[in-house]
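For reference, the structure is listed below as C-alpha cells.
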Amino acid sequence: MEQYPNVFIFDHPLIKHKVSILRDKRTGMKEFRELIEEITTIMTYESMRDVELVPVEVETPLEVTTQYRVPEESVAIVPILRAGLGMVNGVHKVFPTARVGHIGMYRDERTLEPQEYYCKLPDGIGDKTVFLVDPMLATGGSACDALSALKKRGARKIKFMAIIAAPAGIRAVAEAHPDVPVYISTVDRELNENGYILPGLGDAGDRLFGTK
Ligand code: PRP
Ligand code: URA
C-alpha cells in the first residue's frame, strides 16, 4: 500500500481489540453499535489534534487564567447515510455541541456506483471543520462523491474518518481529494467481486440497524 501524506492509519491496540469483535459474525446489533461508537471516539481524539483553539479567560476559585477551547460553532459532523449514522454519537462524546449534517448515498448493487439521494448541511459549513464519517471505505466511490458534494456546498476544511478500508478505497480518496486528511482505523486486504471488503465485517448498515 502506497504512502499518501494525507492518509493516517491508526495502529492502536485498543482499536485492534474492538475491531476484532466488530468483525465477528456472532456480534449482535447492540454490541456492534456500541463498538462502532467507541472506536469512533478513540479515532476522534487523534483526528482532532490540529483542531483550532481560541484563548478564553477562565476564573478558577483562585485566579484568572488564559485557557484554550474549541469554538462551539466550529465543528460539524456529516455521516454518510446510513452506516455513517453509527459514528455520530462517537464524535459527539468528544464534542457534544457539534452540528450534524447528513449526506444520503447508496451504492447501486449492480454497478457499485454511488448515488446521492439526500443532502442537508448546517449553515455556515464553509467556516467549520467538517468530520465526514462512514465506517466502510470500499471502492471509495461513496466517500469521493460525498467529499465533492460537501466541497460544492462550500465546505473548505474537511476530515474523513472510516473504520475499515480497502486499499483501493484509500487510493481513490487520497488521489481525488489530496487536500482532505483521511483517518482509517484498519486497512483490510481487498475487495471481493461484489465490492465487499475482505475480511471486513459484512454490511455495516445492515449490522447497525438490523436490516436483512
Ligand atoms: C456502504 C458504506 C459506504 C459504502 C462504501 O454503504 O456505508 O457508504 O457502502 O462503499 P464504496 O466505498 O464502494 O462506495 P451502502 O451503500 O451499503 O449503504 P447503507 O449505509 O445505506 O447500507
Ligand atoms: N459497505 C459495507 O457495508 N461493507 C463492505 O464490505 C463494503 C461496503
Side-chain angles (χ1 to χ4, degrees), residues 4-23 27 30-54 56 67-103 105 121-122 124-137 140 142-143 146-147 150-151 155-165 169-170 173-174 177 179-188 201 204-205 207-209:
Y4 293 99
N6 58 324
V7 177
F8 304 93
I9 315 280
F10 290 88
D11 186 25
H12 196 292
L14 206 49
I15 290 184
K16 282 201 169 85
H17 170 79
K18 289 181 188 295
V19 167
S20 80
I21 306 170
L22 202 58
R23 290 186 193 281
T27 300
K30 175 174 179 285
E31 195 180 2
F32 190 89
R33 191 170 58 232
E34 288 166 356
L35 285 162
I36 291 273
E37 225 176 280
E38 289 165 14
I39 294 166
T40 305
T41 300
I42 300 168
M43 294 178 75
T44 305
Y45 278 108
E46 283 303 313
S47 57
M48 276 193 165
R49 270 185 192 282
D50 61 350
V51 98
E52 217 172 291
L53 295 171
V54 292
V56 289
Q67 298 293 305
Y68 297 88
R69 290 193 183 155
V70 181
E72 291 254 331
E73 292 293 309
S74 72
V75 176
I77 312 165
V78 178
I80 301 179
L81 303 178
R82 290 172 302 166
L85 286 173
M87 297 175 74
V88 173
N89 284 348
V91 183
H92 264 155
K93 285 238 167 69
V94 179
F95 202 75
T97 58
R99 303 289 168 96
V100 183
H102 296 86
I103 291 193
M105 315 274 307
L121 302 175
I125 199 79
D127 299 322
K128 296 183 193 296
T129 297
V130 180
F131 283 83
L132 180 69
V133 293
D134 191 327
M136 307 305 278
L137 177 61
S142 307
L147 287 166
L150 286 176
K151 288 178 179 177
R156 292 176 298 121
K157 287 177 281 176
I158 315 172
K159 291 168 180 282
F160 175 62
M161 213 158 47
I163 295 180
I164 294 190
I170 297 178
V173 176
H177 296 280
D179 55 314
V180 174
V182 175
Y183 301 91
I184 305 291
S185 95
T186 306
V187 182
D188 272 8
L201 49 69
R207 294 194 64 184
L208 270 166
F209 300 113

Would you say [X] and [Y] make side-chain contact, with heavy atoms under 4.5 Å?
{"X": "Met87", "Y": "Pro79", "value": "no"}
{"X": "Val19", "Y": "Ser185", "value": "yes"}
{"X": "Thr129", "Y": "Lys159", "value": "yes"}
{"X": "Val78", "Y": "His102", "value": "no"}
{"X": "Leu22", "Y": "Phe32", "value": "yes"}
{"X": "Leu35", "Y": "Thr27", "value": "yes"}
{"X": "Arg82", "Y": "Leu208", "value": "no"}
{"X": "His177", "Y": "Phe160", "value": "no"}

(request) Go through the structure and list residues passing side chain to side chain contact (heavy atoms under 4.5 Å, CB included) with Asn6, not counting sequence neighbours. (result) Tyr4, Ala174, Val182
Between atom [atom1] of [X] and atom [atom2] of [Y], what is the distance when rounded to the nearest 0.5 Å?
{"X": "Ile103", "Y": "Leu150", "atom1": "CD1", "atom2": "CG", "value": "4.0 Å"}
{"X": "Ile42", "Y": "Glu46", "atom1": "CD1", "atom2": "CD", "value": "10.0 Å"}
{"X": "Ile164", "Y": "Ile39", "atom1": "CD1", "atom2": "CD1", "value": "7.5 Å"}

Quick one: salt bridge (charged side-chain N to carboxylate O under 4.0 Å, His left out) partners of [X], sequence neighbours excluded?
{"X": "Arg207", "answer": "none"}
{"X": "Arg33", "answer": "none"}
{"X": "Lys18", "answer": "Glu38"}

(request) Give a yes or no answer on whether the side chain of Arg156 reaches the backbone of Gly126 with a donor-acceptor pair at less than 3.5 Å. (result)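 Flag set: sc Arg156 to bb Gly126 pair under 3.5 Å.
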Nearest heavy-atom neighbours spanning [X] and [Y]:
{"X": "Gly205", "Y": "Ala83", "result": "N-CB, 3.8 Å"}
{"X": "Ile170", "Y": "Ala165", "result": "CG1-CB, 3.7 Å"}
{"X": "Ser20", "Y": "His17", "result": "OG-O, 2.7 Å"}
{"X": "Asp179", "Y": "Pro181", "result": "O-CD, 3.5 Å"}
{"X": "Ile125", "Y": "Ala155", "result": "CG2-N, 3.9 Å"}
{"X": "Leu132", "Y": "Ala146", "result": "CD2-CB, 3.9 Å"}

(message) side-chain contact (heavy atoms from CB on, under 4.5 Å) for Ile80 and Val133? Distances and angles first, verdict last.
(response) CA-CA 6 Å; Ile80 301 179; Val133 293; over 6 Å; no
(request) List the steps, then state whether side-chain contact (heavy atoms from CB on, under 4.5 Å) holds for Met105 with Leu81. (result) CA-CA 6 Å; Met105 315 274 307; Leu81 303 178; over 6 Å; no
(request) Give the intermediate values and the outcome of side-chain contact (heavy atoms from CB on, under 4.5 Å) for residues Met43 and Ile15. (result) CA-CA 9 Å; Met43 294 178 75; Ile15 290 184; 4.0 Å; yes
(request) Inspect the contact between Lys157 and Asp50 and indicate whether a charged nitrogen and a carboxylate oxygen are less than 4.0 angstrom apart. (result) no
(request) Step by step, work out the side-chain contact (heavy atoms from CB on, under 4.5 Å) result for Leu53 and Arg69. (result) CA-CA 5 Å; Leu53 295 171; Arg69 290 193 183 155; 5.7 Å; no
(message) Parallel, tilted or perpendicular: which one describes the rings of Phe10 and Tyr183, with boundaries at 30° and 60°?
(response) tilted
For residues 88-99, tabulate all N or O donor-acceptor pairs below 3.5 Å that involve a side-chain atom, not counting sequence neighbours.
| unit_1 | atom_1 | unit_2 | atom_2 | d |
| --- | --- | --- | --- | --- |
| His92 | NE2 | Ala98 | O | 2.8 |
| Lys93 | NZ | Glu37 | OE2 | 2.7 |
| Arg99 | NH2 | Glu73 | OE2 | 3.2 |

(request) State which residues pass side chain to side chain donor-acceptor pair (under 3.5 Å) with Glu52; sequence neighbours excluded, sorted by chain then number. (result) none
